[in-house]
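Sequential numbering from 1 along the given sequence is applied to the chain's residues. Order of listing sets the numbers, starting from 1, for every ligand and every atom in it.
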Amino acid sequence: MANLLKADSRDEIYLANCLRAISENHEFITEEQISDKTFDLLTPLPSEIADAFYEKYKTSPAAATDYFYTLMCDNNYVKTEAIAKNRLFYYASQYGELEITINLSKPEKDPKAIAAALSAPKPAPGEEPYPKCQLCMENEGYFGRHDHPSRSNLRIIPVELGEENWGFQYSPYAYYNEHTILLNTQHIPMKIDRRAFTNLLLLLDFLPHYMFGSNTDIPIVGGSILSHDHYQGGRHIFPMMKAEIVETVDFKAFPEISVGIVNWPMTVLRLEGADKEQLVLAAMQILTKWKQFSLPELDINALDENGVQHHAITPIAYKSDKGYILDLVLRDNNVSEEHPDGIFHPHQEKHHIKKENIGLIEVMGLAILPPRLDTLVPLLQAYLSGNASLATLPIEHQPWAEETKKAGETSAESAIGVIFTAILEDAGVFKWDEEGRKGLRAFVGFMQ
Ligand SMILES: [Zn+2]
């Protein structure tokens with residue numbers, strides 16, 4: 001239990017937030033805020049947890065994360081009960097088994113809270129909100145308000161990455177086992193560069209039993225928060241990590257690094273080696289070259305007429321027998337008249353299933369689908385089995401359902417798996433047809 005008398009300088013943010021909870025004028029307090037605050041009072045101070053974490057780390061990194069993760073579940077920061085409601089199923093695609101989650105864990109917003117938000121005072125122009133964003137360190141112990149989630153029971157472990165200070169926490173509504181978020185202690189924008197590749201590999205030295213990755217640093221082809229530098233990770237082997245190499249690439253400048261093209265709907269180059277510095281240099285060369293590579297006949301354009309950069313990489317790092325693996329996923333966020341939401345983004349005819357960005361987690365083969373699909377699955381199953389008419393399905397799904405049935409599909413889950421596979425193929429820059437392979441060979445030549 002928190003003992004305020006033991007507090008030290010590392011508890012400064014937490015203690016300031018406790019005082020804020022009392023002094024800020026809350027017009028409407030949610031059940032979640034009260035529940036989180038109650039659990040907070042039963043949770044040790046941030047400094048006590050950090051000390052215990054690093055004490056257990058001496059035994060093993062896994063002992064440290066086991067302690068911290070269990071604590072964050074026990075104090076209800078990780079909402080295990082809500083997460084258990086998610087529907088999960090698998091689909092055997094030509095790229096291996098994909099994982100599909102229908103997200104039912106995030107609570108619906110309380111209508112009274114929505115009303116309170118409408119009448120609440122807005123920050124004056126030029127005034128910065130506190131915390132600046134949901135990924136700032138100032139969230140540790142923050143009580144929350146109508147437009148910012150409750151974080152009373154959040155605890156963050158300080159981590160040194162090279163010369164930088166970072167924070168390590170778990171995600172409250174996890175999509176996979178021990179879903180981790182790494183936060184820069186500074187509120188600075190995301191940037192995929194040499195530093196980011198280095199940090200991902202350093203994280204593997206820190207927690208070798210986890211994988212780590214990052215969204216890109218440009219819109220459409222990445223995550224939802226570009227304004228705060230962060231990575232994600234966890235204790236899960238994603239489908240993409242199990243996908244095989246179909247072709248090896250001779251990367252002449254880096255003979256110690258093995259490079260291969262992965263059998264995956266998106267374009268993935270897999271780098272493997274024991275030397276972190278060589279891996280980072282090789283990844284930087286591929287990133288630099290990708291930012292210069294265009295192939296207009298395949299709608300691949302690094303820069304537009306205004307000089308805006310449209311190419312980026314989604315990197316994923318994990319340990320292997322030979323040392324480290326860095327999977328680099330090539331991304332392009334151009335739009336066109338035909339695809340106003342993105343050329344390499346789920347295409348319009350699939351928006352009835354998913355229209356959101358294909359971020360890090362989905363890139364790796366774990367679909368996160370909206371809750372509305374939960375009611376669709378049984379309805380679609382009844383229709384595909386001949387027990388219900390097409391009219392029983394929501395209208396936006398009908399053309400697809402009809403086509404799916406005509407194609408002989410009998411399983412609703414498999415029909416959703418087919419469409420998720422096609423969504424990932426939409427997001428792939430070099431397709432698996434002859435033109436696409438030719439294009440990828442051209443890039444592999446260019447990156448040398
Ligand atoms: Zn921030």
For the pair Trp290 and Phe293, name the ring-plane relationship: parallel under 30°, tilted 30 to 60°, perpendicular over 60°.
-> parallel
For a quick test of your reading: what N or O donor-acceptor pairs under 3.5 Å do the side chains of residues 424-431 make, sequence neighbours left out?
from	atom 1	to	atom 2	distance (Å)
Glu425	OE2	Tyr95	OH	2.5
Asp426	OD1	His347	ND1	3.4
Asp426	OD1	Lys350	NZ	3.3
Asp426	OD2	His347	N	2.8
Asp426	OD2	Lys350	NZ	2.7
Lys431	NZ	Glu425	O	2.8
Lys431	NZ	Asp426	O	3.2
Lys431	NZ	Gly428	O	2.6

N/O donor to acceptor pairs below 3.5 angstrom from side-chain atoms of residues 358-372, sequence neighbours left out:
from	atom 1	to	atom 2	distance (Å)
Glu362	OE1	Lys354	NZ	3.0
Glu362	OE2	Lys354	NZ	3.1
Glu362	OE2	Ile368	N	2.9
Arg372	NH1	His352	O	2.7

Contacts of type salt bridge (charged side-chain N to carboxylate O under 4.0 Å, His left out), residue Asp66, not counting sequence neighbours | Arg235
Which atoms of the protein, restricted to N, O or S, are nearer than 2.8 Å to the Zn ion (ligand 1)?
-> Cys133 SG, Cys136 SG, His187 ND1, His228 ND1
Do the ring planes of His236 and Phe238 sit parallel (below 30°), tilted (30 to 60°) or perpendicular (above 60°)?
-> perpendicular
Parallel, tilted or perpendicular: which describes the rings of Tyr130 and Tyr142, with under 30° parallel and over 60° perpendicular?
-> perpendicular
